[in-house]
Structures are given as structure tokens and as C-alpha cells.
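Here the structure comes first, spelled out in C-alpha cells, and everything after it is commentary.
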2 protein chains.
Amino acid sequence: MAANRQIKLSAYLVGTGMHVASWKHPNAQRSASISVDYYKALAQTAERGKFDIAFIADSLAINEDSHPNILNRFEPVTLITALAGATSKIGVVATASTSYIEPFNLARSLLSVDQISKGRAGWNIVTTRDLSGSTARNFGAQDHLEHGFRYKRAEEFVEVVTGLWDSWEDDAFVQDKESGVFFHPDKMHRLNHRGEFFSVEGPLNIARSPQGYPVLVQAGTSESGQQFAAKRAEVIFSIKYSKQEAREFYDTFKSKVASFGRSPDEVVILQGIFPVIGRTQEEADEKYRQLESYISEETGFSFLKDYFPGVDFAGLTLESRAADAGLDRLQLDKSDYRKHQPVIAGENPTLREVYSLLTGSFSREDWVGTPEKIADTLEEWFTERAADGFMLMAPLLPDGLHDFVEEVVPLLQQRGLFRTEYAGDTLREHLGLRVPENRYAREEVSRP
Amino acid sequence: MAANRQIKLSAYLVGTGMHVASWKHPNAQRSASISVDYYKALAQTAERGKFDIAFIADSLAINEDSHPNILNRFEPVTLITALAGATSKIGVVATASTSYIEPFNLARSLLSVDQISKGRAGWNIVTTRDLSGSTARNFGAQDHLEHGFRYKRAEEFVEVVTGLWDSWEDDAFVQDKESGVFFHPDKMHRLNHRGEFFSVEGPLNIARSPQGYPVLVQAGTSESGQQFAAKRAEVIFSIKYSKQEAREFYDTFKSKVASFGRSPDEVVILQGIFPVIGRTQEEADEKYRQLESYISEETGFSFLKDYFPGVDFAGLTLESRAADAGLDRLQLDKSDYRKHQPVIAGENPTLREVYSLLTGSFSREDWVGTPEKIADTLEEWFTERAADGFMLMAPLLPDGLHDFVEEVVPLLQQRGLFRTEYAGDTLREHLGLRVPENRYAREEVSRP
């Protein structure tokens, strides 16, 4: 992989974009989150840009304060099935939780879309953080699942799913009309799994796809999440605000992968980026400022007061600084807060920026600028091994994706950092990942 | 509905066709059951024939004796999503069981495909018969669910799913960029369901589709199945071997529907048909004979011995008669056997025919013949109210569907019994079914 190492690109497709107020932008499409034609056009734009992946996130509960993009949206597995039908090369990745579905059902629908897409599917494995318990209450449980428990269950869940995916060896279906032999019964395998959380007999009623099975994607940031990802994931997706942090994460994570006996090249690390692109720096700054201006004082403070229950915001506006509210010295025991705390303490941003940061709308300085500046930053992160590729989390869609494909991708291509044409047909081929061997085929080889 | 009453047509799409040995036919496509291009072509053929529905059946467990069409096949919800993308008018109906999935997940993925298809989806509600317990063992249970229990659970399941589908009133999403109001919180509804089997809070994170929600289809043949269907189903699918039986079923069922306070026109009754079409009667007979010839003695007797454990088949061939094995006098306590018993006792068929009958491959005399003969039979059944329409269960695919669309549909159209063009865009429009009101919108209307 080192010789021709190439940047990998994934497009995070979500309604009007990552910015919390993106839906108010004049270019934001009405009902974007629930328009299949809109999503198909996004995926086609990403495919025109030779992206590896069109990525669909998910959540399983909403409330009155949820982001407009997630109140009313498609279920990811059905959505990527639709996207697969509107494209021919790009990989399609759906998020699905291991906490609220039967492994047999998920194994089946994911392998089904992998077959439908002819080997272009991926599964973003999440365990569903659910602090308020609202997800649990949609599934008959009273309380959210505790973190460590969720990951234990997730490990077994993935064992079962990947086990079911091996139910049929690749040459099982002879389909000989003359002899009347449709399949070799000895190439059909029952999993007979009996574990702590699941008991699943099998076989699965669908065979492996042209790429074996869907690519396993993970975004765990906690310690147990990272252990799980290092053991299992083939693509890992992370968000770091500085190149230094990203490099440290890259090193640590690749070592963890190696500690499980895997080659570090078996895992592709994507870093989330939030580009706002202008022909000049001023134009880009103005675009970002415009997006930020859509955040109303009411929405901003309603969120901040909820997030920081003890803090007094009296007399402040969204233009006040973090330090004015004492946020620079605040310690909070929330994992996503710990991630942002260095920025809040170190850069003393405005409360508007704090809000953007915490809602995932924040775009740090590096990602606001000209195509050249963005391309330079990506090249740096990539060559210095802060990332193997990037998850494009455009603050505004479709504009952010369109700008990136038209303006940044050609620069990366000119520099020899990114493909000008797809070399293969499956997602594993795009990502340089091997087709996993069928566990039973392996067994046969090793028989004396 | 009575004035312009029109035949409804649904195409049952399953691999190489309903006949147990159809895969051995020279025109049967290799790997048909797992080729998405093949299924898309079938759905497009049905749409060319102005069919109401492309129908996908399902099962959740397989074993060494399973029909080749079901060993390795797509999961139905993902498959109909793919079919929706390859068509623009025809309805797409997926089978999904109420016994082995969380209602929140199913409500979500079905409404998602209903949105993706712009109001063309339907849900064939099954409870999954599972005598051997093999399905239960794929889902962590040791025993199959008892019949009455399954239907009790199914009733509550459908309550929850349809309740979740009403989470958002149609005018909930104002999306006013100026005022910053994205939605009306009072038009978002939590179900807060607490029942015997399920406890589900809501709201669902997807809004109703252009047709409200997916059409509810059911095929219950047992007494509790029929009660359930009469209360809930909008399309009911049945298989009767004689017009007389079908008429009796039609009458009884429409009365049952009325007994639940529903109009009999709110339910469309489809009868399963198994046509084998030839330019002459002789050609059709020869086609059917050819299909039957693919049943091997070994396969046939292996099934029959399993199905009739006490019966001695020694010295018999598949051309022997039912009475030779004493099947004409046999009583068996199996619901599918009771359905076929009158044919076996009354017509003394060959063992090959008994086998075809029990495996769903049987095509009674009425359905083997010229296009005119088939059209006559359909017209008779339709006008004499043995059916509102038909489920085309072609013994051989794609031939059987192709022949029907090319040869029989034009005759029905010439007779004014079937549409020559789709009048609407949604499945409910095709079927003449109303868009169900949102329960919360109704409540508002009734407020003083």
C-alpha cells in the first residue's frame, strides 16, 4: 500500500449538511432529509468525484430539540439500497446499531444490500449512546444500556453477523440442471452460536457477495470503542481538531491494530473534515460567517443552558467569549466534552463557536479557505500520516460536496494523491482491502 | 368501486418460479434468486403489464430440503427498495414477520421504502409458521411460537407500527427559513404504547408518505389469521382450487370485514393463480408436462415420505395414484394438508401431482391453456365475485410472467376488465384504497 498510497474519500450525506442551521441557508433544499432524488444526486456527485464511500449516519430516537436533519429521515439500509441503484461504482455505507436489532436480521439485510450493490456495501457499526434512555424506550427497555455492556454485546453481535455471512462457501451452488444437484450440502454451514447475549443457529439464507461481505466501519472514540475497532474494523472514522492530535491517534490506533495480529494496512483511518470553500479566503470566511449567522440567540442559549446546567449565561450574547461564562475553566464528565475542552479552554471561542463545536457544526480555521489551502492541508495530513483519507462532513449540502468535487478533487488528482478513475468494482477494491476468506473454506485447506 | 370495478393484478416474484423443479428448465436463469438485474427485469415486465403489485414472499430459516429459490435470496425490504428504483408506477410489497423483529425497526424501514418509492410500498404481514422451530433457533428462542400467541402478538405489533406511522401530522414540517421554525412540536406525537408484548414510546423519526403509509397485505388462512386480516388487512391473498371455494371464501371474508365496521370495498381479495400458457391447449399441456418431468423420483419420494410418516410407498412410482398409497382415505392434522385433501381424495391424482400440490407447484387444469381460456377463467372468477384480482404465481419465471403480460393482459384490457394505463402514482391509488387519516389529525377535527 505504501508505494502507491492514495487518499480515500468518504462523503457524509445528511440532509442540508452538518451545520446546525444549514437548513436556513438559501441554497438548502426544502425537505432535503427525506428526498430520495436529492440523496441520489448527492451520491452521484460523490461518484463523479471518484469518492470511495457515500456514508449514512443514524440515530434511533428524536425529541423536540433534535437537529432538523434527523427528525424525518430515511432508514439507512433502505437508503443505501436506493443509492446503490442510482450509482455503479461508489461504495455505500449504512450505520446500524448492535444494541436494538436481532443479529440474524441485520446480517441478512446488510448482505442483501451488498448483493444488490454487487459488492459495494459497508456497515458502520455503532452501539448507540443513549444517555436519556429515549432509544431504549423505543425498544421496550426502561434504561439505556451501560457503555461497557454495549461493547461486550457489540463484540458478540459482530461475531454472529460475520459468522452468518460465511454460511455458504463460494462454490456451494453448482446448479447442475442435468444431474439435478442444486447445491453441495457440505458447503452450507450452520453457525450454532451460543453466547452470552445471542443464540443463533443459522444458516443464513443468503450467500456471500462479490466482495465477500460488507466492509466493517467503526467510529468508536472511547477506550473500549477503540479496542473493539482495532480488533474488528476495516475503516475507522475519527474527528480530531489538530494535525498533531490526528497523528497521535493514527499512531496509537495502528499499533493497537497490530497488537491484535492484524496488519496496520488492514485498517483505513478517515478523519472528519468540515470544509467551507471559497475562491478567496475572504469569500470562504464570509460563507462560514453566513452559516453561523443563522444560529439564533434563542436556539443557541437553549442548547447551551441544557448542556451546561450549572453555568450562568445572564447578560451574555452568542458573541460573548467562552471565558465570559467561565467555560475556559470548566471540567465536565462527558466524553464528547472532553474532546472539545482543549479548544474551548485554549482558543477562548465565542459562545456561538462553542455551540457550533458541541453540535458538530464547528469548522476550524484550517478547513475554511480556498481549494488550494484545503488541498494543502489534506496533503499534509495524509503524507504525515495523520490520516489515510477523509470523511467530508460538509457544513452545507449540496454546495459543500459540489465545491469539493469540482475544486479540491482535481487538485488532489493533479498531485497524484487521488484516483482519476475507479480501478475496481467493489468497495473493498476501492479501499485496498482484501476479500475476507470464508472461515469454513479455511478450515478445509488446513485439514491434513 | 362497483361501477368501474377492475381486476387487480399482483406478480409473485420468486427466483425461477413457483414450480419446485423450475430451476431445471432450460429457460430458468442460473442464480435467478440472487440476481438483482433479473428481479428488476421481472418488475419492469410486470409494470409494462400495468400490474398493481410486484410481490416478494419470505421465510426466515432454511435447511437442506428447502426449495432452491429460497436457499439464497434477497431480504424482501431491501429487494423492494431496489425494485422501486427500477420502476416508477408499480407497487412493491415485501413480506415481513411480526414474530422476530422490533416493531420500531420494521415501522421505520417500511415507511422508509414507502418514502423512497414515493408511496408505492406495501407490507405483507406474516406471523411465520415454524413447526420445526428452526426459525426460533435463529432468534435465540428454543421453541416455535404457538399459533394463537403469534396472532395476539401480531395484532399488537400492527397497532404499534401503524401508531408509529402517525408520529408526524402531514403539515408538521413548516421549514420557514425566515422565522426559523422548522416544525410544529404539537404536530409531533409520541405513541407511548404499553401493551402485553411491546412498550414503545416514539415518535418515529420518519414522516408519512404520499400514500399515508404502506398498504397492509395479509394471507392468513386459519381462523385467527382471517379474523386478523378482516380487521386490519387492505389486501388479502388466498389460494383456492375451485371457483366455488373461492366464491365462498370471498363472501365469508367480506362479511367478516363488514363485521368490524369496515366497508367490504376497503379490502381487495386476490386469488393465487398458476397459469401455464400455450398458443394451443396442447402446447400448454406439453409445457406443464415438461415442468413436472423435472421432478425426480428421489426428490419426490424423499419429500412424500417426510410429509406422510406412516405411509408405505414401497413399489410405487411418481406415476402411481394417490389411492395406491391410501392417501385418498388419509386424515392428517396439518392445516395445509386439510386445504389439499379434497383434491387428493376427490381427483385421485398421481403421486407426482400430490407432490406438486403440497409443494405449491400444482397447477390445476383451469390454469393450463390458451390465453383466451385463462382470460375467460379470470373474467368468470372476477365477475362472479370469487376474487377482486389475482396473484400471478407463475410456475416458471420469467416465461410465465412474460406470457401473461404479452398474451393475457391485452385480452383483459380489450374486455374492459383491466387498466390500459396507470391512473395514479401510488399503490393505494392503483388499488382504489383510501389514504388512511392520521389518528391525531382526526382527534383535532373532533375537538369542540
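Each chain gets a letter, A, B and so on, in the order the sequences are listed, and its residues count up from 1. Note: hydrogens, waters and symmetry copies are ignored here, and every other heavy atom, side chains too, is used. In this text the structure is predicted, and so the values were computed from the model without any measurement.
- Between chain A and the options B:S35, B:A207, B:G85, the largest number of non-hydrogen pairs under 4.5 Å is found for B:A207.
- Contacts between A:F173 and chain B at a heavy-atom distance below 4.5 Å involve backbone atoms as well as side-chain atoms.
- Side-chain atoms of B:S112 do not come within 3.5 Å of backbone N or O of A:F74 as any donor-acceptor pair.
- Between the OG atom of A:S33 and the CD atom of B:Q175 there is a distance of 7.5 Å, given to the nearest 0.5 Å.
- Neither the backbone nor the side chain of A:A86 comes within contact range of chain B; no heavy atom of the residue lies under 4.5 Å from a heavy atom of that chain.
- Neither the backbone nor the side chain of A:L111 comes within less than 4.5 Å of any heavy atom in chain B.
- Look at A:D37 and B:K118 and you find a salt bridge, because one of the NZ, NE, NH1 or NH2 atoms lies within 4.0 Å of a carboxylate O, short of that distance.
- Neither the backbone nor the side chain of A:L191 has a heavy atom closer than 4.5 Å to any heavy atom of chain B.
- With a 4.5 Å cut-off on non-hydrogen atoms, B:H193 does not touch chain A at all.
- Although no hydrogens or angles enter the test, the distance criterion places a donor-acceptor pair under 3.5 Å between the side chain of A:K177 and the main chain of B:A28.
- Atom CG of B:L60 sits about 7.0 Å away from atom CG of A:N105, to the nearest 0.5 Å.
- Annotation: A:E64, atom CD; neighbour count of heavy atoms from other residues, nucleotides and ligands within 6.0 Å is above 12.
- Under the 4.0 Å criterion applied to side-chain N and carboxylate O atoms, A:D58 and B:R108 are assigned as salt-bridge partners.
- The residue among A:I34, A:N63, A:V113 with the most heavy atom pairs within less than 4.5 Å of chain B is A:I34.
- Considering CZ of A:F183 and OG of B:S66, their distance stands at 7.5 Å, rounded to 0.5 Å.
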Practice item. Test side chain to side chain donor-acceptor pair (under 3.5 Å) on B:T81 and A:T81 and set out the steps. Key: CA-CA 6 Å; B:T81 306; A:T81 306; 5.2 Å; no
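- In this structure, the portions of A:V200 lying under 4.5 Å from any heavy atom of chain B include both its backbone and its side chain.
- Considering only heavy-atom pairs separated by less than 4.5 Å from chain B, the leading option among A:P185, A:S117, A:P68, A:A61 is A:P68.
- Most heavy-atom pairs under 4.5 Å with chain B, from the set A:P26, A:A172, A:S167, A:S31: that is A:S31.
- One finds the CG atom of B:L204 at 8.0 Å from the CG atom of A:N138 (value rounded to the nearest 0.5 Å).
- With a 4.5 Å cut-off on non-hydrogen atoms, A:D65 does not touch chain B at all.
- Side-chain contact between B:N205 and A:L71 is absent, with no heavy atoms from C-beta onward closer than 4.5 Å.
- If you measure heavy-atom distances from A:E102 to chain B, the contacts under 4.5 Å come from the side chain alone.
- Using a 4.5 Å heavy-atom cutoff, the side chains of B:I116 and A:K40 are not in contact.
- Scored by the ring-ring contact (aromatic ring centres under 6.0 Å, His included) test, B:F139 finds A:F104, B:Y100 as partners (sequence neighbours excluded).
- Residues satisfying the side chain to side chain contact (heavy atoms under 4.5 Å, CB included) criterion with B:T299, sequence neighbours excluded, are B:S296, B:Y355.
- Most heavy-atom pairs under 4.5 Å with chain B: of the set A:I80, A:T78, A:I70, A:L164, this distinction falls to A:T78.
- For A:W23, the parts sitting under 4.5 Å from any heavy atom of chain B are the backbone and the side chain alike.
- Taking 4.5 Å as the limit, every side-chain heavy atom of A:R137 sits out of range of all side-chain heavy atoms of B:N192.
- For the set B:V160, B:D176, B:L79, the count of heavy-atom pairs under 4.5 angstrom toward chain A peaks at B:D176.
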